[in-house]
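First comes the structure, then the notes that go with it.
Protein chains get the first letters and strands the later ones, always in sequence-line order, with residue 1 at the start of each. We use all heavy atoms of the structure for the numbers below, so side chains are in, but hydrogens, waters and symmetry mates are not.
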Amino acid sequence: MIPLYGFLEGDTIGLLVLADGDDSIAEIARKLQEAARLRAAIEGPVTVLYDGQTLDPLTTVSDAGMQPLARFDVRRGPPA
Amino acid sequence: MLKRDEWLDLARKLDWELSYVSEKDAFPEVQSGRPWLPHAEWAGWDEPFRTSYPEYVAGQHAKEASVAAVREAVGRVEDYQRLPQGWLEGLKLHAATLPLAEFAAVVGNLRAARFGRDSAWRSAALLGALDEMRHTQIPLLLMHDLVRWDPQFDWTHKLFHTNNWVAIAARHLADEMLLASDAIEFAIATNFVFETGFTNVQFVGLSALAHGVGDKMFEKMVGSIQSDEARHAQIGAPVLATVVKHDRRYAQYLLDKWFWRSWLLFAVVTGFSMDYLTPVEHRQSSFKEFMHEWVLDQFLRSLDEFGLERPWYWDIFLEGLDNYHHMVYASAYSYRASVWFNFVVPGPKERAWLGEKYPASWPDFDPIWQRITDRWRAADPGNDFAVHGTAIVTFCDLCQLVLSNGTPRANAANVVDHGGQRYIFCSRPCRWIFEQEPDRYAGHKDIVKRVLAGEAPGNLVALVQRYFGLDYETWGKDAFRGEYPWLDRRPA
């Protein structure tokens with residue numbers, strides 16, 4: 001289990017997201033959106049940012065090199 | 001008979017040359033603070049009140065009699081029951097954060113009363129310690145009678161004894177500022193920044209708000225406390241003046257650090273009350289307007305007087321005036337079971353008022369309240385957990401408050417690796433404070449790290465009950481059970 005700090009665009013607080021190493025980036029984005037949906041939601045495609053880089057939604061948390069307690073952001077719009 | 005001015009300094013300004021110990025042994029830097037200077041550099045220390053002990057006792061006796069008289073007249077449970085619900089929730093918040101922090105300030109003042117570098121400073125600090133004892137006792141006394149009516153008022157005494165997240169944040173600040181500071185840092189952090197800059201004027205503003213809603217007891221309490229604060233806060237300026245003269249950089253560092261730390265807690269406690277919990281018809285100004293009028297103008301004038309710079313993060317702070325307490329309030333509303341007071345959803349009138357007062361930022365917050373409103377519309381009244389977060393929220397490794405700095409568009413949290421550990425901060429200033437003295441802060445675990453270490457439960461309900469010290473009776477709910485006159489539940 002890899003604990004991550006997730007920040008959804010439009011939300012007011014960071015949330016703890018517990019990820020498995022083989023979770024896809026799309027999956028952790030979904031987990032964060034689900035956890036934040038009382039306050040904020042993004043309709044349509046999203047982009048996941050980590051360490052200043054846009055992540056491929058199909059890659060896994062491990063392959064993206066995300067370390068425990070890393071920050072990732074889920075933002076409005078498709079990856080550039 | 002001698003006139004007052006002829007005998008007064010024999011009582012309050014009485015230093016002599018030490019012969020049995022060195023001055024450095026009697027006033028070690030670890031307790032007295034830095035820069036360490038011989039007493040000659042402090043000999044001109046003075047403050048404007050120059051109160052003698054008999055004058056202090058007479059003045060405090062009159063104030064106590066006045067508070068007791070108001071309590072007798074309007075301090076009964078039924079008097080509180082007539083107050084607006086939102087105001088009562090703000091009262092629970094203020095009442096819980098105040099008295100035990102004031103008790104910690106007794107310790108800080110007593111340290112200054114022993115290790116302050118001039119006898120007039122020590123005399124004033126001794127009276128300050130007695131003041132803070134009084135500020136501990138008054139809210140404990142006044143709120144005690146309310147516990148049998150509403151057990152959330154029990155948190156007036158209980159908060160600081162728990163591991164509630166607000167208590168952890170408040171202790172992190174109070175322990176450092178009030179209990180662990182040397183006499184110089186205490187004077188600048190507490191007397192100059194926190195009291196002169198924030199609480200002294202906060203009490204003036206809160207007293208006016210209390211008057212507006214008809215809470216005569218709270219008005220009297222904060223007015224009475226403020227009159228003490230106005231006196232002992234004067235210790236700060238002459239200490240700062242001497243530190244500026246000998247070590248301007250250190251003076252600037254202490255100001256920058258403590259202004260930021262004070263601001264965060266102040267924004268949560270007072271920002272909530274002014275912009276959300278006080279009924280809109282009784283609000284006199286927004287929290288931002290209040291800050292500009294009462295805090296910033298005075299603080300900037302003080303900086304000019306001392307030849308100091310604005311804190312390097314001034315632009316970040318100004319952005320925070322438009323955002324920070326809104327970020328935290330929306331977050332805390334959606335995790336209200338984690339605190340001991342209830343919350344109010346801003347309705348159409350309140351949202352229009354907030355939009356007018358915060359034109360630059362409110363468009364980012366309004367959709368959040370629309371979602372929360374829609375969720376209540378679909379839920380049964382009183383079903384709080386249908387309109388509540390379930391994930392574990394995250395906390396800053398410096399201030400211990402939630403990661404809610406920045407804006408909804410761009411949260412300001414940032415991650416730093418230090419000594420093989422990873423730390424996250426809500427803002428660049430919190431990160432900067434940590435990086436100035438990492439050894440001072442690095443060992444403190446925030447709640448997420450306690451959960452990950454198995455010291456606190458990872459399940460939110462268990463965390464609230466077993467770690468934050470709350471139960472169904474006391475945890476925060478919607479103050480109106482989600483039943484608002486403006487919220488229409490009829491099917492379309």
#### Entry: For A:L38 against B:R371, the heavy-atom pair lying closest together
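Minimum heavy-atom contact is O-CB, 3.5 Å.
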Pick one of side chain, backbone, both or neither for [X], based on which atoms fall under 4.5 Å of a heavy atom in chain A.
X: B:A386; result: neither
X: B:F365; result: side chain
X: B:Y335; result: side chain
X: B:T390; result: neither
X: B:V393; result: both
X: B:V328; result: neither
X: B:L452; result: side chain
X: B:I372; result: both

### Task
Can you establish whether the number of heavy atoms outside B:R422 located under 6.0 Å from its atom CZ is more than 12?
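Yes, the 6.0 Å shell around CZ holds more than 12 heavy atoms from other groups.
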### Query
Is B:R409 atom CZ crowded by more than 12 heavy atoms from other residues, nucleotides or ligands, each under 6.0 Å away?
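Not more than 12 within 6.0 Å, no.
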#### Entry: Donor-acceptor contact below 3.5 Å, side chain A:R39 vs main chain B:S331
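Side chain of A:R39 to backbone of B:S331: no pair is present.
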### Task
Measure from the side-chain N and O atoms of B:T394 to the backbone N and O of A:G14, and report whether any donor-acceptor pair falls under 3.5 Å.
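Here the side-chain-to-backbone pair exists.
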### Task
Against chain B, work out which of A:A35, A:A36, A:P3, A:A40 has the most heavy-atom pairs shorter than 4.5 Å and name it.
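Looking at each option in turn, the highest pair count goes to A:A40.
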### Query
Does any non-hydrogen side-chain atom of B:R375 lie less than 4.5 Å from one of A:R37?
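Answer yes - side chains close enough.
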Return the option, out of [options], with the maximum number of heavy-atom pairs under 4.5 Å with chain A.
options: B:S334, B:A391, B:P408; value: B:P408
options: B:V415, B:T407, B:I392; value: B:I392
options: B:G458, B:C426, B:A413; value: B:A413

### Message
A:I13 and side-chain contact (heavy atoms from CB on, under 4.5 Å): which single residue from B:N405, B:N411, B:V402 fits?
### Response
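Checked B:N405, B:N411, B:V402 against A:I13; only one passes side-chain contact (heavy atoms from CB on, under 4.5 Å): B:V402.
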### Task
Mind checking the CG-CG spacing from B:L403 to A:L16? Nearest 0.5 Å is all I need.
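CG of A:L16 is found 10.5 Å from CG of B:L403.
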### Message
Quick check for you: to the nearest 0.5 Å, what is the distance between A:T12 atom OG1 and B:N323 atom CG?
### Response
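Interatomic distance, A:T12 OG1 to B:N323 CG, rounded to 0.5 Å: 11.0 Å.
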### Query
Partners of A:D22 by salt bridge (Lys or Arg N to Asp or Glu O under 4.0 Å), sequence neighbours excluded?
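Once residues adjacent in sequence are excluded, A:D22 has no partner under the salt bridge (Lys or Arg N to Asp or Glu O under 4.0 Å) criterion.
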### Per-residue contact mode, A:Q67 against chain B (heavy atom under 4.5 angstrom)
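Answer is both: backbone and side chain atoms of A:Q67 are under 4.5 Å from chain B.
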